Amino acid sequence: MNENIIDSHCHLDMPAFDQDRQQVLAHARAAGVMGFVVPGTTQASWQKILDLSDQEKDIYPALGLHPYFCSEHNISQVEQLQTLAGKMRPVAIGEIGLDFFRPDIDQELQLMLFELQLRVAQDLALPVILHTRKAHDQVLKLLKKYPVEGGISHAFNGSWQQARQYMDMGFCLGFGGMLTYERSTRLRALAAKLPLEHLVLETDAPDMPGSAHQYQRNSPEYLPEVLDALEEIRDEDRATIAFNTTINACRALNLPDKTRPIPDPQDV
Ligand SMILES: [Zn+2]
């Protein structure tokens, strides 16, 4: 039997899925994926994500401006975000954050847009979905300045100490395809010892494919492979990891029960 799991981060709105989105959803559901959190990246993505979540009961929208696409963003879009998110109540403001790995993206602009969006999340009492590369300390500092309702640090790649600080602020940490690579020794060691109540599963599809799908389009249907990797490196059994990561995602993003009920502890 497949475990009920949630893909806490997949970009199902992207053109990579335009040809076969229904098929991808069907395969993923058949593999046990019971929920799909689709974060926004640019203002242009928001309506498509909201439409998808209207059409599919297991798709949960997040709205935000991704640091990658800074050159496409502006301050008036943050105001639009505030209005739209206030009206539509997405599950989170995201994905937002800081990417200091890419030297070509203006850091000042990233910082400004991130701060403004944290304030939107605060104002609307919504959690956040964070994208952070080479900037965990800066992100943590801003989270202390603008405390939000928790959320998820997606594709977590920081240190144990940084993980501790996110967890102390009520955040979950997202792990995906990178865990399936033997060479990800540092990441696997971290995911092996973090408390289970702070872990969530994700694919980041269509990006970040796992070892079985290198150089291919990633897909939420491969989410069970992330569960396989966690089962391999952790002490708990598969059902326990699946159950806990699912309720963690529901808790972190207050996922409304749009589909099946959250699995009962007795069923595990
Ligand atoms: Zn993403």
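In listed order, ligands and their atoms are each counted from 1. Note that the coordinates shown come from a computational prediction; the quantities given were computed from them, not determined experimentally. The figures here come from the full heavy-atom set of this structure, side chains too, leaving out hydrogens, waters and symmetry mates.
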*Quick one: which residue pairs count as a side chain to side chain donor-acceptor pair (under 3.5 Å) with a foot in residues 9-21, not counting sequence neighbours?*
His9-His11, His9-Glu95, His9-His154, His9-Asp204, His11-Glu95, His11-Asp204, Asp18-Arg21, Asp18-Lys48, Asp20-Arg217
*asked:* Suppose we screen for side-chain contact (heavy atoms from CB on, under 4.5 Å). Which residues come up paired with Phe101, at least two apart in sequence or across chains?
replied: Asp99, Arg133, Lys134
*Could you check whether the rings of His66 and Phe69 sit parallel, tilted or perpendicular, using 30° and 60° as the cut-offs?*
perpendicular
Please tabulate, one pair per line, all N/O donor-acceptor pairs under 3.5 Å involving side-chain atoms of residues 140-149, not counting sequence neighbours.
residue : atom : partner : partner atom : Å
Lys144  : NZ   : Gln165  : OE1          : 2.6
Tyr146  : OH   : Glu115  : OE1          : 2.5

*Proximal protein heteroatoms (N, O or S) of the Zn ion (ligand 1), under 2.8 Å*: His9 NE2, His11 NE2, Glu95 OE2, Asp204 OD1
*asked:* Counting C-beta onward and ignoring hydrogens, is there a side-chain heavy-atom pair between Asp228 and Arg238 closer than 4.5 Å?
replied: yes
_Once you measure the plane-to-plane angle for Phe156 and His136, does it fall in the parallel (<30°), tilted (30-60°) or perpendicular (>60°) bin?_
tilted
